[in-house]
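Reminder, nothing fancy here: chain letters follow the sequence lines and each chain counts from 1.
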Amino acid sequence: MPSVRFNKVLIANRGEIAVRVIAACKELGIQTVAVYSEADRYSSHVRFADQAICIGPAKSARSYLDQASIVSAAEITNVDAIHPGYGFLSENAGFAEVCESSGIKFIGPSPRVIRLMGVKERARAFMREMGVPVLPGSEGVLNSPEEALETAESIGYPVILKASAGGGGRGMRIVNGPGELAGLFAQAQQEAGAAFSSPDLYLEKYLAAPRHIEFQLLADEYGDVEILGERECSIQRRHQKLLEESPSLAVTDEQRREISAVLRKAIAASGYTSAGTVEFLMDETGKLTFMEVNARVQVEHPVTEFVTGIDIVKSQIRIAQGERLRDILPGPLELRGHAIECRINAENPDTFQPSPGRITGFHLPGGIGVRVDTWAYTDCVIPPYYDSLVAKLITYGSDRQEAIRRMQRALSMFIVEGIYTSIPLHQRILADPDFQAGRFDTGFIQRLLK
Amino acid sequence: MPSVRFNKVLIANRGEIAVRVIAACKELGIQTVAVYSEADRYSSHVRFADQAICIGPAKSARSYLDQASIVSAAEITNVDAIHPGYGFLSENAGFAEVCESSGIKFIGPSPRVIRLMGVKERARAFMREMGVPVLPGSEGVLNSPEEALETAESIGYPVILKASAGGGGRGMRIVNGPGELAGLFAQAQQEAGAAFSSPDLYLEKYLAAPRHIEFQLLADEYGDVEILGERECSIQRRHQKLLEESPSLAVTDEQRREISAVLRKAIAASGYTSAGTVEFLMDETGKLTFMEVNARVQVEHPVTEFVTGIDIVKSQIRIAQGERLRDILPGPLELRGHAIECRINAENPDTFQPSPGRITGFHLPGGIGVRVDTWAYTDCVIPPYYDSLVAKLITYGSDRQEAIRRMQRALSMFIVEGIYTSIPLHQRILADPDFQAGRFDTGFIQRLLK
Amino acid sequence: MTVDEIRELIQLARETGVAELEVQRGDNRARIRLAGFTTHQEIAASPPPFPAAAAATPSVSEPSQETQPADPNLTLVKSPIVGTFYEGPSPDAPPFVRIGERVQPGKVLCIIESMKLMNEIEAETSGVIESKLVINGQPVEYGEALFAVRKV
Amino acid sequence: MTVDEIRELIQLARETGVAELEVQRGDNRARIRLAGFTTHQEIAASPPPFPAAAAATPSVSEPSQETQPADPNLTLVKSPIVGTFYEGPSPDAPPFVRIGERVQPGKVLCIIESMKLMNEIEAETSGVIESKLVINGQPVEYGEALFAVRKV
């Protein structure tokens, strides 16, 4: 695979991640093509791309999820590659295949790897084989409620039933004892079948209040893998992350070394290329077990960029150009300082109702250690059709306390008028003594809001 | 000197540096008092401070330079300390004395040290004694044109006559041969007398096309000094810096070590405290010679903050609280990556005429490696009374090339409508092959604009 | 500018649903900004402020309702997909329609090629082809106007 | 533009419920932005509108021309310096002036202490003291209104 240079890249996404990818392309001297729905005509990604193509009406199914429109836009603009961002088509193996068959490089893992990681139970089995710790659970797909019962008895309750093709909580059931199992098995199977066209289930030990910790990886097309430390993502509400940080206070240096070593081996063996994230759960004893792989760039990648100094999106593009990781990375990996990200959403901080509408006043915080990733601007309209992310506010400090204090002052200087935002909620989180002490798990927000 | 905690600090400045100091105070949990002239009533520093006091009309002499008004404002708001920013009263030893005699801590060096550094020829003599390389020149103040002639003969033409109390080019004359000396001596003496109330002159070897390189220092009240590397500031137009970077391509590791060692000793011996900058000239052979000390925070301090990870303004405040440098700094000093600053001025990029007025559209660049320090916002008015600095745009990269490319993309995403800005000039500088190769000196802009 | 005149301007701003109105008459200038508006109005009616940018970018064209002509008897035929516009069934064949030709609903007007598929675009109204707005072989985006048809 | 005209403009802005009104007539310019213009959403969650924020921050008062009263017969005496307001020459002494008292130019109205110096503030116009706008011992900023004097 010789190294090529892309002349032009199409970004099959919208919002802040589209602006993020455009910035990376500009820094690499690559021309950009934005695609947009009618609702996003005045969005920043349209403004900052070299070309922009309207691909359909507001509804995602007919625009950002419409593979034919996007590939047509790529063909008429003659791009070399497509960056899918996150969400939408980013983990769609079929779309990656269509791109490749149209002679357009898909900036992400190969369709085969996307598929492997997309079938949760296969990814789990693969990681277990490679020596990555996984939660006790079924060996593969459960063929019957009886098999589930047997497995559950052997690992002990509570257990969780999960859809093999799943995600987002659908097809999941927590089982607290043998009496509930048969009924919940049937429910989960039905739900999984409806949501993912596959009723396959597997089962794991259920952790009531784990931490959610993920490791960032980069892998080139020559088998080189680098693990860029971890991110602490336990501050979530209904599986939606609100605040992320790196490093995690709960991960020891030894754990980081061990997990990085075993992941480097496993990821290389899987044939994974591009950027990706390996999600883990941490139980009360501090033990990390594999959960799943996100085969794309994550929303929260900037915290890793701050502590490593590595540009993850530029790395993705350069890997797709066939460059070697050792030429892309600035030197030996070194983690420095601490970074925190707050996802500023257009939503009522009390009721969590989305709050689309016109931003009548907008002032971004700046200064030392502050990064803002946003597509918004004064007088823009947050459309009601997509996710509510308005901006990502990321702060860096030489230690966690400095990063927290800096986030607090940046939030106090972040002005958004005309819509509700989650800024007051973030201020509550940051002021909480348990948060400040690092004592939290995925149940933190529920307790905070009680 | 026991360590104290300030409860409240008054910022005796305006614009971006006032906002910068407010941010530092917020991160330290210190209350802030802004002072403002009638022209700055709607400025960001007024908005973001905990209290704000109008101290006079637009004219600086009756507001930001009015010591009585500022000290009165400090007294009625009961602050513990005053941060002077840069410019205005920041290097006014008399003001520092008034503060101290009013029981208010002046965040900067002592009046004695400000005075020493303010008399250029005394500072030069001091540094020479301490072993810091200085340009060949007179031993002290020149008593007569004859003495000047003798000195000039011994070091060789061209030489430059400078006002001992001077700055900003006034009282300066370049002398190319003995025939010109007497006449230019008289002119310079007269100009110095008129501008600085002191006709004292000294003389140095004149360098036609030097680089301008400065070292950042921090010094605590216990004699500890740290040198935070250097900044390359040769991109200037009429002594006004337009673009700064750190590190300088022209400074070798060995030079950096040597100069840092000798400066650490000299600064400690001078009794210097707080932050400061030691300016050097570099001749064509790469030799560095001392020029002067700026006894305050510099406009371009953010490039050093990026490559060292040290918050210089917070360090100033903590030093003034009596804290020790070893407790303030996060660990052993380590320079990482490369940072560049562009000063975005409200001025016509072709004629250099100031361009005050209302900013009708304002969009800041963001994303990875981008920092913006500004007081401006959509719909703000740039007043005609003060300097034309609208924003400082600073980018960081793992190397100089990445920092340059990032600056180029950030400038392309920086939108200011309603006034002219220097953005097009910065784009020209960054695109220049000599600039990109690092081949430049203080004559660069003049050549670029020809 | 009298108060009555300004009142009239405000009334005008209300009626037209603009968010802000700035008027200058010689040395006189008035700027009006309205407080209450709904999202739906905004999306359709608001002029791009900083995104004035969008309109200024040459490669961005403006699809759908915004390109509806003022003349009520004129209808625009717009591309329902992204692709390449072809005026005839093959490079050598004559175009499906010519300027001045009368068309009925169902009449094929052009082909949009998208992902190697040839999609025939049919007339939805009857009328006379008044203009062809794109040239043969040109890429078109979603909602881009292809023909103007005059009702007769 | 007279005060009455500006008053009318403010009245107009109030009546029509606009968010902001800016009017320029030759050299004169007025910009009006109403405090209560926010939508329901903003009232709960949003911080004060940004550029007008200074006016909304309690510790900031508005000096000079902007605080001139609408009544043309009323003159404000403003502090020419930053300092502490004293109504009398010493803590025990009676105030220099009382409400309702008639003053002539040159009459000492109060003292502003600044950096240990006592600065006497004198009346510049003749009239009757209608109100004392600050209390004894209160810190005042530059341009802050101290007294309102009615022309008689």
Side-chain angles (χ1 to χ4, degrees), chain A residues 16 19-20 22-29 44 47-48 301-302 305-306 308-314 329-331 334 336-337 361-374 376-379 391-399 401-402 404-410 412-413 415, chain B residues 16 19-20 22-29 44 47-48 301-302 305-306 308-314 329-331 334 336-337 361-374 376-379 391-399 401-402 404-410 412-413 415:
Chain A
E16 68 85 19
V19 176
R20 170 72 186 91
I22 290 169
C25 290
K26 279 175 179 278
E27 291 179 21
L28 291 169
S44 295
R47 169 69 174 87
F48 290 121
H301 74 277
E305 293 184 325
F306 248 143
T308 61
I310 293 167
D311 187 321
I312 292 171
V313 177
K314 257 156 70 173
L329 300 182
E334 191 202 342
R336 182 161 100 168
F362 197 58
H363 179 268
L364 296 179
I368 187 168
V370 173
R371 167 177 172 182
V372 186
D373 279 44
T374 186
Y377 50 88
T378 307
D379 266 343
K392 300 188 311 204
L393 175 59
I394 309 106
T395 59
Y396 173 85
S398 57
D399 55 25
Q401 199 203 336
E402 186 171 53
I404 290 176
R405 302 299 285 267
R406 194 158 276 159
M407 181 61 82
Q408 289 178 309
R409 79 99 176 140
S412 78
M413 298 170 91
I415 298 174
Chain B
E16 68 85 19
V19 176
R20 171 71 187 91
I22 289 169
C25 289
K26 278 175 177 279
E27 292 179 21
L28 291 170
S44 295
R47 169 71 173 86
F48 290 121
H301 74 277
E305 293 184 324
F306 249 143
T308 61
I310 293 166
D311 187 321
I312 292 171
V313 177
K314 255 155 69 172
L329 301 182
E334 190 202 344
R336 180 161 102 168
F362 197 57
H363 179 267
L364 297 178
I368 187 167
V370 174
R371 168 176 171 181
V372 185
D373 279 42
T374 186
Y377 51 87
T378 306
D379 264 344
K392 302 189 310 204
L393 176 59
I394 310 106
T395 60
Y396 173 86
S398 55
D399 55 25
Q401 199 203 335
E402 185 171 54
I404 290 176
R405 300 300 284 270
R406 195 158 277 160
M407 182 61 83
Q408 290 178 308
R409 78 99 176 144
S412 78
M413 298 170 91
I415 299 174

Side chain, backbone, both or neither: which part of Leu28(B) has an atom under 4.5 Å from a heavy atom of chain A?
-> backbone
If every non-hydrogen atom of Ala23(A) is compared with every non-hydrogen atom of Met413(B), which pair is closest and at what distance?
-> CB-SD, 4.4 Å
Can you tell me how far the CG atom of Leu364(B) sits from the OH atom of Tyr377(A), to the nearest 0.5 Å?
-> 15.0 Å
Taking every heavy-atom pair that is under 4.5 Å apart, which of Gly366(B), Gly367(B), Gly369(B), Gly309(B) has the most such pairs with chain A?
-> Gly367(B)
Taking only residues two or more places apart in sequence or in another chain, which ones pass side-chain hydrogen bond (donor to acceptor under 3.5 Å, both in side chains) with Lys314(A)?
-> Glu27(A), Glu402(B)
So what's closer than 4.5 Å to chain B heavy atoms on Thr374(A): side chain, backbone, both or neither?
-> neither
Name the option with the most non-hydrogen atom pairs under 4.5 Å to chain A; the candidates are Gly397(B), Ser412(B), Gly331(B), Ala410(B).
-> Ser412(B)
Heavy-atom proximity to chain A below 4.5 Å, by part of Ile394(B) = neither
On the 0 to 90° scale, with breaks at 30° and 60°, tag the Phe48(B)-His363(A) ring pair as parallel, tilted or perpendicular.
-> tilted
Evaluate the side-chain contact (heavy atoms from CB on, under 4.5 Å) criterion for residues Gln408(B) and Lys26(A): first the C-alpha distance (whole Å), next the side-chain angles of each, then the deciding distance (0.1 Å), finally the verdict.
-> CA-CA 8 Å; Gln408(B) 290 178 308; Lys26(A) 279 175 179 278; over 6 Å; no
Would a 4.5 Å heavy-atom cut-off, applied to side chains only, mark Arg409(A) and Ile22(B) as touching?
-> no
Contacts of Arg20(B) meeting side-chain hydrogen bond (donor to acceptor under 3.5 Å, both in side chains) (sequence neighbours excluded), chain-then-number -> His301(B), Glu305(B), Asp311(B)
Examine whether an atom of Tyr396(A) lies under 4.5 Å from a heavy atom of chain B, and if so say whether it belongs to the side chain, the backbone or both; otherwise answer neither.
-> neither
Atom group of Thr308(B) that falls short of 4.5 Å from chain A, counting heavy atoms | backbone
Under 4.5 Å from a heavy atom of chain A, the part of Glu334(B) involved = both
Could you give the distance from CZ (Phe306(B)) to CD1 (Ile368(A)), rounded to the nearest 0.5 Å?
-> 8.5 Å
